[in-house]
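Along the sequence shown, the residues carry numbers beginning at 1. Note that ligands are numbered from 1 as they come in the structure, with each ligand's atoms numbered from 1 the same way.
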Amino acid sequence: MPTITNIEDLKRLHRRRAPKMFYDYCESGSWSEQTFRENTSDFDQIRLRQRVAIDMANRSTATQLIGQDVAMPVALAPVGLTGMQNADGEIKAAKAAEKFGVPYCLSTMSICSIEDVAANTSKPFWMQVYTLKDDDFMRGLFDRAKAANCSAAVITVDLQLLGQRHKDLKNGLSAPPKLTPKSIANMATKVPWGLEMLQTKRRFFGNIVGHAKGVNDPASLTTWTAESFDQSLNWDRIREFRKMWNGPLIIKGILDPRDAIEACNVGADAIVVSNHGGRQLDGALSSIRALEPIMDAVGDKIEVHLDSGIRSGQDVLKAVAMGAKGAWIGRAYIYGLGAMGEAGVTKALEVIHKELDTSMALCGHRDVNTVDRDILMVPKNFSGDWS
Ligand code: GLV
């Protein structure tokens with residue numbers, strides 16, 4: 001077993017162990033991938049301010065997200081097809097998250113169903129909700145989340161239609177994978193992945209198959225999003241969803257202060273500043289650049305989280321110092337899952353925790369709740385003077 005010291009190590013193993021179709025799905029942005037790249041490169045532009053001779057004994061990264069105790073200000077973001085990166089992937093990721101003490105958010109586009117994850121975990125998880133046209137499906141999804149004791153619903157508002165990711169089209173992405181000479185040749189080199197996959201029945205979109213009507217090819221993400229997603233979604237419709245779900249509500253996919261204000265007005269408990277990992281509108285601002293104007297607009301009204309571009313504990317620290325209450329990781333834990341299953345997700349969380357804890361200490365803080373903007377050196381005009 002190689003020595004793993006950072007998220008990049010897990011990414012290399014993930015690439016080696018998972019079929020190309022699924023690694024590529026994880027590692028794609030839309031069109032030119034500009035936003036996907038800038039999500040990470042913009043974090044690199046921010047520097048940390050070192051302080052010395054400050055007592056750094058007895059540190060704590062514990063805090064709360066939407067009133068729930070967490071071991072560090074990190075949540076596992078909803079990621080489609082997680083159970084294709086590694087058999088039963090959603091269950092493995094949820095187990096690693098609950099042992100570590102951070103929230104796990106299950107995607108509507110998961111392979112393991114809500115019921116499956118609930119039956120195999122012991123702490124409540126968060127349920128991400130895509131907004132489909134089928135009203136019965138939507139009511140059913142909220143009811144299923146309630147029955148599974150989910151402790152928050154996360155409505156994603158930036159995917160009424162799917163941004164084009166070239167690699168997925170070229171690879172013929174589907175779940176389960178369609179057997180073509182190319183996919184068979186590639187999967188033949190991924191023996192441990194294949195053996196585990198043969199031992200599980202969870203190979204379809206578990207929340208959809210048998211629940212959603214009028215989906216002609218539920219194996220194809222592109223086809224079923226185009227057929228089922230509600231392109232007419234608006235804030236009134238989100239108000240209706242608010243009525244269907246009376247638990248904590250998080251709205252994910254906000255990049256503009258005006259939309260952040262709308263999310264406050266519909267009664268959300270938190271928003272997630274996110275560009276969907278650079279997978280939707282290519283050319284949009286990176287999340288970390290979009291954060292400050294949103295904090296200025298709604299930071300005193302609602303809890304703000306940040307998603308997209310987090311690959312280290314230092315990125316978490318930077319997001320928190322800019323005002324985010326928490327940071328969501330997607331690819332960073334999926335690399336771990338694809339590399340080594342549940343142990344890989346745990347490793348990703350350990351790596352991020354250690355980086356966060358050490359960097360926080362070297363910036364002169366012992367408690368993540370006292371970290372503020374003062375630890376950052378941000379290039380002038382980082383948020384931009386765009387016209
Ligand atoms: C779905 O959430 C995707 O980005 O593919």
List the closest protein heavy-atom neighbour of atom 2 (O) of ligand 1: residue, atom name, distance to the nearest 0.1 Å.
Y130 OH, 2.6 Å
Can you list the ligand 1 atoms lying under 4.0 Å from a non-hydrogen atom of Y25?
1 (C), 3 (C), 5 (O)
Number the atoms of ligand 1 from 1 as they appear, then name those within less than 4.0 Å of a heavy atom of M109, with their elements.
1 (C)
Is a side-chain donor or acceptor of R331 paired with a backbone partner of C26 at a separation under 3.5 angstrom?
yes
Counting only heavy atoms, which portion of Q280 has something under 4.0 Å from ligand 1: side chain, backbone, both, or neither?
neither
Find all atoms of ligand 1 within a distance of less than 4.0 Å from any non-hydrogen atom belonging to R165, and give their numbers and elements.
3 (C), 4 (O), 5 (O)
Point-to-point distance, once rounded to the nearest 0.5 Å, from CG of L356 to CD of Q314
9.5 Å
Considering residues, nucleotides and ligands other than R12, do more than 12 of their heavy atoms fall under 6.0 Å from its CZ?
yes
I need the atoms of ligand 1 closer than 4.0 Å to a non-hydrogen atom of R279, numbered in the order shown.
3 (C), 4 (O), 5 (O)
For ligand 1, which atoms have a heavy atom of H276 less than 4.0 angstrom away?
1 (C), 2 (O), 3 (C), 4 (O)
Donor-acceptor pair, D230 side chain versus T131 backbone, under 3.5 Å?
no
Evaluate the side-chain hydrogen bond (donor to acceptor under 3.5 Å, both in side chains) criterion for residues D282 and S32: first the C-alpha distance (whole Å), next the side-chain angles of each, then the deciding distance (0.1 Å), finally the verdict.
CA-CA 7 Å; D282 189 35; S32 75; 2.5 Å; yes
Would a distance-only check, ignoring hydrogens and angles, find a side-chain to backbone donor-acceptor pair under 3.5 Å from R202 to I111?
no
